[in-house]
There are 2 protein chains.
Amino acid sequence: MKKVSLEDISKELGVSKTLVSFVMNGRAKEKRISEEMTEKVLAKAKEMGYKANYLARALRTGKSNTLGLIMADISNAFFAKLARSIENEANEFGYNVIFGSSDEDSVKSGKLIEVFKNKKVDGLIICPAMDDIKYIKRLQKEKYPYVLVDRYFADVKSNVVVVNNQIGSYKIVNDQIKQGKKKIAMVNFNVGLINMDDRFIGYKEALEANGLQLDQSLVKNVSFKDMEKETELAIEELLEQQETIDTIYFSNNQLAFLGLKYIIKNNKSVLDKISICSFDSFAVMDLMEIPMVYGTQPIQELGKYAVDLIMKQIESDTIEPQEVVLPISYSKEMM
Amino acid sequence: MKKVSLEDISKELGVSKTLVSFVMNGRAKEKRISEEMTEKVLAKAKEMGYKANYLARALRTGKSNTLGLIMADISNAFFAKLARSIENEANEFGYNVIFGSSDEDSVKSGKLIEVFKNKKVDGLIICPAMDDIKYIKRLQKEKYPYVLVDRYFADVKSNVVVVNNQIGSYKIVNDQIKQGKKKIAMVNFNVGLINMDDRFIGYKEALEANGLQLDQSLVKNVSFKDMEKETELAIEELLEQQETIDTIYFSNNQLAFLGLKYIIKNNKSVLDKISICSFDSFAVMDLMEIPMVYGTQPIQELGKYAVDLIMKQIESDTIEPQEVVLPISYSKEMM
DNA sequence: CTGAAAGCGCTTACAG
DNA sequence: CTGAAAGCGCTTACAG
């Protein structure tokens, strides 16, 4: 392991740590340290293979140049891409990212928040689980820099970066109706997350706006824990009423994936009669033979804005919480 | 932000920091601190909302309880799943993970290694890019705990966790031949990575073992940087000779995805004549109408073994480098 | 232009 | 059983 410290260099050179520190941090000019001294220090540092210990610096300055990222599950394509986008933007500011997955479990996210704070991350980017509101409130009170991505809480004024779930959902469902569909089923997450709720509201409003009745038997809710099984069950139940259904609308990519998988395996021909649409896309949707309508979230932008908002907070102590709402795009022209 | 320190508690209670530290670290019994004292400290700590500053602890103990993870690109499904597996296993040991993507660029991975080391991660898990061997050699010399995943270098004895690329590849190609295919094209990465090389070797050996000639015009190499364009070009060139081809074999999931996308868009019918197979799978392969043979890597195990190997190194200073080679599984029974 | 010294918040020999 | 003190490796007022 490395062990050359500032002190080692200063001793070698018979100068103070202060001087070496200034030089190593590029403050030589500012501190009016002579050119030759600067050169000498730099040369010696290189020769000895000096590398600053960021931990020590962080302890002293209170800045770790590390961001904490908490998502439901980094192995999910949406979050994986989000993580990458956040990583890239964080790098632009000289930051690294430490991450953790909550599995939509508030106990886990609570622990992650705690640990990351104690590791002195300069800010937290969180895709909060349902019951995380208590932690978020505390962060808000402590003025700890954080930003919520993908989901948020109506009760806490936060820095937030999300897509417009309601409008996006409305458009997709409205498009189905305009195409003549009248019995549109929805498979949704029941994790109590506002983004999922909004997608449901968009669905409902599209129905209403077109004079259609909301039929609760066409709305299926699925939990995170038993996602696969419950999605399959939901599909089964829906297919039992298949004469009365002409569209199945999935509220996110995972549900769409699981649902389609089940349909294709067990009852593929039903796809001739029933349209599929999804709020969210998964990678190869458009490689499949099944025509589908789906939204695509601007993940790059979500990540970029999230980091930018964190940085603003880190740089200036108090800023008014900002809400960034981005539009989603669609797989084909819709009205 | 938090600011309650050990000292604050010790002052409140009129005891020493030492005592408080022992109690907070659960060493009260061991240090024979009285029950009541222990209780008092714990109560006060809770009351004041004390949280240990891990940075300070790390600086003092030399252990940060953080692992550095460097992959080509965390947004790639393979690496995303690997990251998750590593996260889970690291958590078991009380560790967190800081990550970075190299984009197969050795300059980037070099920087990441440096930064993570200076942030004092206790170990590095690396999916090395082609020219990373120089960094790996240095880590080896410094006895810095690290493990290579997915790829390795024949020149440096390292802790390594990989799949058996050569055998896996052999089996897939051999299976095609047994099914009567004679003209098997391969689309491969030319990033100079040993895992990719091994997949090519497996391909070659399967041909040879079956008395078939290697035809270089059927082997297409693609770079990481222009992956999409070059894959499309490769497919185009292969399809020009389509009378002479009966299988296209992709050496990883990304190439398979891009290649299939292009084929489906531009020349779907060709799939009636040409079989597709892939070393690696992507999520929805088996939802597609196209029959495919593909391998599936034991990603969970890769991550688990990687962390376990790192932990062994962290716990005992010197261990003999170990190589863990895991088998891949296949989408259907093969001979 | 340069240095001595304090301090960030811990842990851990050492001493009693 | 408990405490005073050193030290991890930095940065930064303060002084000259």
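Below, chain A is the first sequence line, B the second, and so on; all start at residue 1.
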How would nucleotides 11-16 of chain D be written as a contact map, 5' to 3', with B for base contact, S for sugar-phosphate-only contact and - for no contact, using protein heavy atoms under 4.0 Å? BBB---

Distance-only side-chain donor-acceptor flag, B/Arg57 / B/Asn53, under 3.5 Å: no

Identify which nucleotide among C/dC1, D/dG3, C/dT2 has an atom closest to any side-chain atom of B/Leu19, counting heavy atoms from C-beta outward. D/dG3

Note on DNA chain D: ranges paired as stems (three or more Watson-Crick/G-U pairs in a row, both atom distances under 3.5 Å) are C:1-3 with D:14-16, C:5-12 with D:5-12, C:14-16 with D:1-3

Which whole-number value in Å describes the distance from B/Leu59 CG to D/dC10 C1'? 8 Å

If you measure only the distance, is there a donor-acceptor pair under 3.5 Å linking the side chains of A/Tyr95 and A/Asp122? yes

Rounded to the nearest Å, what distance is computed from the CD atom of residue B/Glu7 to the P atom of nucleotide D/dA4? 11 Å

Could you tell me whether the side chains of A/Tyr152 and A/Ser158 share a donor-acceptor contact shorter than 3.5 Å? no

Check whether any side-chain N or O of B/Ser5 sits under 4.0 Å from OP1 or OP2 of C/dG9, and answer yes or no. no

Would you please say whether a donor-acceptor pair under 3.5 Å links the side chains of B/Ser64 and B/Tyr54? no

To the nearest angstrom, the CD1-P distance between B/Ile9 and C/dG9 comes to 13 Å

To the nearest Å, how far apart are B/Lys40 NZ and D/dC1 P? 15 Å

Is it true that A/Lys111 and A/Glu114 have a side-chain N and a carboxylate O under 4.0 angstrom from each other? no

Rounding to an integer number of Å, can you tell me how far A/Glu36 CD sits from C/dT2 C1'? 14 Å

Mind calculating the distance between CG (B/Asn53) and P (C/dG7) to the nearest angstrom? 17 Å

Under 3.5 Å side-chain donor-acceptor pair for A/Tyr146 and A/Gln313: no

A/Asn65 CG to D/dC10 C1', straight-line distance once rounded to whole Å: 14 Å

Using modelled atom types only, decide if a donor and an acceptor are shared between the side chain of A/Lys29 and the backbone of A/Gly26 within a distance under 3.5 Å. no

Select base, sugar-phosphate, or nothing to describe what B/Ile33 touches, counting heavy atoms under 4.0 Å on all strands. sugar-phosphate

Side chains of A/Lys119 and B/Thr66 only: does a donor on one sit below 3.5 Å from an acceptor on the other? yes

Got a sec, which residues hit side-chain contact (heavy atoms from CB on, under 4.5 Å) with A/Ser34, two or more places apart in sequence or on another chain? A/Glu36, A/Met37

Calculate the interatomic distance between A/Leu55 atom CG and C/dC10 atom P; express it in whole Å. 13 Å

